[in-house]
Amino acid sequence: MKGGVRLMASSSSGGMRAAFSGRTLAIVIAGAVVVIALGVYLLAALSSGSSAAAGTTVGGIDIGGMDEKEAARAVAEGMAPRINRPVKLTADGLTFRVEPKEAGLGLDAEASVAPAFGHTWNPLALATTAFASRELPLVPTLDEAALEASVTQLADAVAEPPIEPRITMRKGSARLKEGEPGRALDVEATSEVLREAFLRPRRPVAAPVTEVPPTITQEAAEGALQIAESAVAAPVIVQADTVSATLSGADIGDALSFTVVDGEFVPQLNGARLHDAIRDELASIETPGRDATFRIKRGVPRVVSAKVGRGIEDNALATAVAGVLGNPEGERTVTVPFGVREPELTTAEAAQLGIRERLSTFTQKYPYAAYRAQNIGQAAERINGTLLMPGETFSLNDTILERTVENGYTVGYVVGEGGVFREDLGGGVSASATTTWTAAFYAGMERVQTIAHSIWISRYEPGLEATVAWGIFDLKFRNDLDNAVFISASTTPTSMTVSFWGTPKFDRIESESGPRTAIVKYSKVYDESPECQPQGGVDGFTITVDRVFYQGGVEVRREPITTRYKPAPQVICDKKPKKPGKGEAEFDGEDAGAVDAPGQDPDAPAPDPSASPTDAKPSDKPSDKPSDKPSDKPSDKPSDKPSDKPSGKPSAKPADEDGVFAN
């Protein structure tokens, strides 16, 4: 028994030792595994920042196994062909190529690869990078000011101002011409589109364009039409002294106009026109008078004496007529006081205005065309003799009147929508705007509204020219000198001269033109219609002209004037060719625009043998001798008398034309 017991005890002790040894081994093995895993983890964690994990790409560029500098260099070099390519941007039928560098867009290669480097203690992240590929996004750089400048230039090229409704009067009939919406580029949204598109593979992207409605509502326009229709619906009887005169509906319509004030049409009556309409009927009781004025003799302004007259006052006539225009027929009779018609400007007052010497003179040359001679002559005749008092604002539209046959204008060529020439009344009149504004520029007049041609016309000095369009935009400047200025104007068949006279405030005024920048390529337009008129293409560009004022030989003031010209398409009177086949160039210069390197000289319109460039500075000695015969060569000699008879059709279209939209 004792022996058996001992045997049992011995056997139990051995089993326990065996079990203990097994557990110890398991613990040792487990510990070893943990130590090894910990070592691998520590090794992976400590080495995680030195090189990019296998399968890591940035913008499609594989940087696996590279250190940070190698990876950044690889991404910069690999992405250069893409990020340096222009972004093609479309906007309402126009196409632009935007250079990323000029637009302030770039690639930050270091920031793009940075997430692939740096120590991490996250075991899940270590396991993921060890066994999975990873695509990192490209990180852009952005110069906000450069991007804003580039998009603003695009916005200027895209912008089309709305056309406001217009009330026109024709032979006593009032008509409403409805307005048309304009368009504008959404600058903020377009900037975002460019930021997102420039790092992607190149394909055209659309810029958001918004519609710009006219400021005058249809309701307001229809209300003004009702006023106009009522005004011309019946004649007005004017009683003055012993005479009873009749203003017809057509007479009232000729004197009626509407100006826009706070988005509303405000009717106005021109008393002088009303008076002219019944002048013959008043002749038996009126004694004509005149205001004092000036005549230029041998380069010196002389006062022409005023003359007192007898009759009815223009303003009193306009006020009386306006008061009955809403009345029905039979209740439209007015009585106007009759008496002395004092001159608005007396001889003594004229002598004190300071009209002593010439402030500036400018001659604009142009190729001869019958419609130009007629229309520019009519404008010059109305500009000539204008007296602008201190603080007064000159309006070219108000001065030369609406371009109608009744006002002596004829059909000519103008720049229409999209820079394509078309026929319209008053073609060529913008030459009078350019001549008048350039002379005003050098006389020191304050700019109020100057609109350049939408496209550059080669005979005009870029950035130093102007145009007008009836009911749309005007040429306005203010006399901010201490004294009045007198404006003289004359024409020859191939030139117009405008001079300003007064008392100079500055020693001299000069212009300094900067380089042409933001070149926008012209497009090609194919037209198979019988009315097609071919024209050469003109690139758009931006230019700044400084007006520099000198006093005592020192510059005392500088006024920058920036002008942005849109491209004018090349018009080809033929079928549009088929698209090129595979492997050929996709675009044949037909993009409507591209932002190119500054300083590139844009193409001029198709050459005209008779065209002459505009002098950069005003001429010093305009001649007083008129030219008797039209010449193919521009002349510097102004004529005092424009043509009297409007022709019905323009002559063959010259290569370089005037006007924007209306004239």
Side-chain angles (χ1 to χ4, degrees), residues 44-91 95-155 185-208 518 593-598:
L46 293 173
S47 62
S48 60
S50 60
S51 62
T56 303
T57 58
V58 179
I61 306 298
D62 188 354
I63 62 171
M66 299 181 185
D67 62 29
E68 194 163 356
K69 288 185 178 180
E70 291 174 336
R73 185 167 55 250
V75 169
E77 293 175 353
M79 293 303 300
R82 180 194 298 179
I83 65 173
N84 291 332
R85 287 183 62 193
V87 176
K88 191 171 293 182
L89 189 75
T90 62
T95 303
F96 303 91
R97 286 193 298 268
V98 181
E99 296 291 344
K101 186 175 181 180
E102 292 182 5
L105 298 170
L107 172 66
D108 189 337
E110 289 78 9
S112 298
V113 303
F117 300 92
H119 297 299
T120 179
W121 299 98
N122 187 328
L124 182 60
L126 291 172
T128 301
T129 56
F131 300 103
S133 60
R134 183 164 61 145
E135 172 67 28
L136 297 177
L138 294 167
V139 178
T141 60
L142 177 62
D143 182 335
E144 292 281 1
L147 180 60
E148 181 180 358
S150 292
V151 176
T152 299
Q153 289 176 354
L154 296 175
L185 191 73
D186 188 327
V187 173
E188 184 176 348
T190 300
S191 299
E192 183 61 30
V193 166
L194 287 174
R195 284 196 294 265
E196 293 179 356
F198 111 95
L199 291 177
R200 297 175 182 172
R202 292 296 181 259
R203 58 178 57 89
V205 292
V595 179
D596 288 343

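All residue numbers refer to positions in the sequence shown, counting from 1.
Note: S51 OG to E68 CD = 11.0 Å, rounded to the nearest 0.5 Å. In this structure, NZ in K88 is found 12.5 Å from CZ in R203, a value given to the nearest 0.5 Å. To the nearest 0.5 Å, atoms CD (E102) and CD (Q153) are separated by 8.5 Å. Here F117 contributes atom CZ and D67 contributes atom CG; the two are 6.5 Å apart, rounded to the nearest 0.5 Å.
Among residues two or more places apart in sequence or in another chain, the side-chain contact (heavy atoms from CB on, under 4.5 Å) test is passed with A74 by I61, M66. Listed by chain and number, the residues in a side-chain contact (heavy atoms from CB on, under 4.5 Å) with E188 are D186 (sequence neighbours excluded). Residues forming a side-chain contact (heavy atoms from CB on, under 4.5 Å) with A80 (at least two apart in sequence, or on another chain): N84. Taking the side-chain hydrogen bond (donor to acceptor under 3.5 Å, both in side chains) definition, one finds that T57 meets it with E135, sequence neighbours left out. Contacts of V193 classified as side-chain contact (heavy atoms from CB on, under 4.5 Å), with partners at least two apart in sequence or in another chain: L89, V205, P208. Looking at residues two or more places apart in sequence or on another chain, you find a salt bridge (charged side-chain N to carboxylate O under 4.0 Å, His left out) between E192 and R195.
Considering only heavy atoms from C-beta on, L194 comes within 4.5 Å of L147 through its side chain. Residues I83 and P100 are not in side-chain contact: their nearest non-hydrogen atoms beyond the backbone lie 4.5 Å or more apart. By the 4.5 Å heavy-atom criterion applied to side chains, L154 and L185 are counted as neighbours. A 4.5 Å side-chain heavy-atom check between L199 and L107 finds at least one atom pair inside the cut-off. The shortest side-chain heavy-atom distance between V75 and L138 falls under the 4.5 Å cut-off.
Contact detail for R97 and P86: the closest heavy-atom pair is CB-CB, 4.0 Å. Among all heavy-atom pairs drawn from S191 and V151, the shortest one is OG-CG2, 3.6 Å. Across every non-hydrogen atom of V98 and A103, the tightest pair is CG1-CB, 3.8 Å. Taking each heavy atom of S112 and P115 in turn, the nearest pair found is O-CD, 3.5 Å. Among all heavy-atom pairs drawn from G59 and R82, the shortest one is O-NH2, 4.2 Å. Closest approach of A91 to A207, counting heavy atoms only: CB-CB, 4.2 Å.
Between the side chain of T56 and the backbone N or O of A52 there is no donor-acceptor pair closer than 3.5 Å. Remark: the backbone N or O of E196 is paired with a side-chain donor or acceptor of R200 at under 3.5 angstrom.
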